[in-house]
There are 2 protein chains.
Amino acid sequence: MSHEHHTPNPLNDRAQLLLKTLVERYIADGQPVGSRALSKFSGLDLSPASIRNVMADLEEMGFIASPHTSAGRVPTARGYRFFVDTLLTVKPLDRVEINQLEGQLQVDNTQKLVASASHVLSELTHFAGVVVTPRRSSGFRHVEFLRLADKRILLILVTADGDVQNRIIHTEKAYSPSELTEAANFLNQNFAGCTFDEIRRRIQAELRQLREDVAQLMAAALNAGDQAVSEGAEDVVISGEVNLLGIDDLSSNMGKLRDLFNLFERRTSLLQLLDQSSRAQGVQIFIGGEAGLQPLDECSVVTAPYEVDGKVVGTVGVIGPTRMAYERVIPIVDITAKLLSSALTQR
Amino acid sequence: MSHEHHTPNPLNDRAQLLLKTLVERYIADGQPVGSRALSKFSGLDLSPASIRNVMADLEEMGFIASPHTSAGRVPTARGYRFFVDTLLTVKPLDRVEINQLEGQLQVDNTQKLVASASHVLSELTHFAGVVVTPRRSSGFRHVEFLRLADKRILLILVTADGDVQNRIIHTEKAYSPSELTEAANFLNQNFAGCTFDEIRRRIQAELRQLREDVAQLMAAALNAGDQAVSEGAEDVVISGEVNLLGIDDLSSNMGKLRDLFNLFERRTSLLQLLDQSSRAQGVQIFIGGEAGLQPLDECSVVTAPYEVDGKVVGTVGVIGPTRMAYERVIPIVDITAKLLSSALTQR
DNA sequence: ACTGGCGCTCGCATCCCGGGAGTGCTGGAG
DNA sequence: CTCCAGCACTCCCGGGATGCGAGCGCCAGT
């Protein structure tokens, strides 16, 4: 019995080094890497022929594959996975870049903040940036009823996290301004800080003490609140999809490209994927179809959750081709998530 | 002297009919139209040979052109122009479709309304829908200061048209709730209905009668108001760009397609184009490069202004390939503009 | 264990070639 | 004068055929 085969463990050092340089070369060039190229760039002093043996092993184990008989090798999804898990060396962003990034975030408004974060991600990576809008903390803070016309009232609702929703209500009765302020004051003074469910429960009791029409008004407000919380709850903001048109890896297959962009419009399934990431902590990477969505076969998604007051409330990420410069994208996503967290926390 | 050449006026009746059917065929098929096809579909009982003579004339006058020697003819930009100006017969939408369209508009909110209008346009035409957000009437209606923390105040501003802006202000001093309501009341009671410029002028006089800190607060509100009016003034909402990926007229030239999508992201130049249309009244059509933007040379833009209370405040439109079914798109854009107008007016 | 060499397999670019579609022109018929 | 059939011509397009280059696997030799 041979005490050891020539591939004792999953991967010996030499194979790892070669896999690493192969992936790096391929990411840089975009073209299948041959044995000669590898022998030049690996640093090891080996002839192409020897390298070919290792490559054959790597192929057998499913880390690399050749598009056709006489092309070089290309990393498979599994190859990329191993690469990012154990071979990759990320270089953190330097201070200047971080400041630059921070400067691009527009902090005056949650919506703007999220939009600018998404935009920054796409600008820096030249791929598509995605941000899942922060989950509402779903508390009630303040309400205002404003009379627009006899039977149309502008409802302004401020949630606990300081976001403002507005909505126009059509009523059956024409309320006077004093009725409106009365109703608003009642809600503001008694229920600030409660969740809408709480309010609904507690209000049942007090409801009969109020004049009927005012009660009706407040019911409308509650409904709007529920709707605002549930519907506005989670959405995903995408920026720079255009960048993906320039990526030749993707734009070769027109059909695939269409599918991809359709995925972006459908939002929901993308949201599902991004929500997965918010359970983990730190940067997470989905390579190729790992996410379970076909349109993404040739894409990778790099995500990181962000938090406010220590609780995860959303996810930022980048969608690009599988062949992306992970060592750059990963820290960018990481930092953006952290900046977004701190910007949201100190509001 | 010959009293008349064989093309007496710009176009005789026969030439017009042939041009019309040629454009219609081309719009339907997408393939260059030959003389034989024309002789079959024109309704005239003419042989291909005779038709060829007319086609030669049409080509000489620049209405049609042939991609290469032995293909049929395709309409030029000028051909399309003549077609839509004098040859086109639009069939108005039937009642059912209008109701359907109206049902898709979400009326509870200006932003939603605009977004849904854009979406509807793209759905119905299978091209890209664009809507320029309504110009602010720039009046002040109501303001609210809400204390978030010691030195951070949520400013809620309602403009005359019932839209709500919100913004977080960082102040040097920590205001008490009563100071905040005082300032808000002062503004609400004295200046409702004024433009921000007016307020600024009139407040100069009264400013010294107020406590300094309160004055500072109101100055912040005014600045926010100005900014809201000017910045939020006009933006363009685009939907269904994805649809354009499927159009083979466009997706053949990958480079052009990129340019087009970049145009969509840059917004500003698109906005300029759409603003032109808001000066005219009724549906307006820009064919090919008529708009002066190269990325659009193979596109047409069909626009119509919409109004609130009889004043034009924005534009809706569709961007698609030059080869589009104008007789369908035109009424769709027209009706959408009208529905949007009435939805905004009765708010 | 490593390497040089050999034969082999593909992809890709090029060229060639025939079929098809459509045109312009011309001469003749109504 | 109008129309039309016929003809020669041009051009696109698709399908082989061919040559080249890149890369691989294998093997024998060090």
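Note on naming: letters A, B, ... go to the chains in the order of the sequence lines (proteins, then strands), and numbering restarts at 1 for each one.
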Does a side-chain N or O from [X] land closer than 4.0 Å to OP1 or OP2 of [N], or not?
X: A:Ser35; N: D:dG23; answer: no
X: A:Arg73; N: D:dC24; answer: yes
X: B:Ser70; N: D:dT10; answer: no
X: B:Ser47; N: D:dC4; answer: yes
X: B:Ser50; N: D:dC4; answer: yes
X: A:Arg52; N: C:dG5; answer: no

Heavy atoms under 4.0 Å, any strand shown: does B:Ala71 hit a base, just sugar-phosphate, or nothing?
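Sugar-phosphate contact only.
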
Side chain A:Arg36 and base D:dG21 donor-acceptor under 3.5 Å:
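No.
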
Take the protein atom CG of A:Leu18 and the nucleotide atom P of D:dC24, then report the distance between them rounded to whole Å.
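For the pair A:Leu18 CG and D:dC24 P, the rounded distance is 12 Å.
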
Other residues, nucleotides, ligands: >12 heavy atoms within 6.0 Å of A:Asp13 CG:
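12 or below, so no.
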
Is the number of heavy atoms from other residues, nucleotides or ligands under 6.0 Å of B:Asp85 CG greater than 12?
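Yes.
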
Kindly give the heavy-atom pair with the smallest separation between A:Ala71 and A:Ser66, and that separation in Å.
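Closest pair (atom of A:Ala71, atom of A:Ser66, distance): O-CB, 4.2 Å.
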
